[in-house]
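Reviewing the structure listed below.
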Amino acid sequence: MPLYEFICRTCQREFEALVRHDEQAECPECLSRETERKLSLPGIPLVGSTAHAARPTDLPPCGPGCCRLPS
Ligand SMILES: [Zn+2]
């Protein structure tokens, strides 16, 4: 079973739990089942403005291979 990060809606505690994908984890703090699985898993590329923000600002905005670095 995969390890997921959860956040408890009742006490806002963040925790990790091994659950099947269709199950909700139980909060270890208040034993609530009102938990929410966090979607910010590592390795998933973010869409939108972050792709442009990651580009170095001192390089021309073109793809690799179509222009040379200033030397
Ligand atoms: Zn809780």
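- In this structure, T35 contributes its side chain and A25 its backbone to a donor-acceptor pair below 3.5 Å.
- Remark: E23 engages R20 in a side chain to side chain donor-acceptor pair (under 3.5 Å) (not counting sequence neighbours).
- L3 CG to E5 CD: the interatomic distance, rounded to the nearest 0.5 Å, is 8.0 Å.
- Distance check: F15 CZ to E26 CD gives 8.5 Å after rounding to the nearest 0.5 Å.
- Between atom CD of residue Q24 and atom CD of residue E34 there is a gap of 8.5 Å, rounded to the nearest 0.5 Å.
- The salt bridge (charged side-chain N to carboxylate O under 4.0 Å, His left out) check on E29 picks up R13, with sequence neighbours excluded.
- The heavy-atom pair separating T10 from S32 by the smallest distance is OG1-OG, 3.0 Å.
- Residues passing the side chain to side chain donor-acceptor pair (under 3.5 Å) test with R9 are E36, sequence neighbours excluded.
- With rounding to the nearest 0.5 Å, the separation of CZ in F6 from CD in E14 is 12.5 Å.
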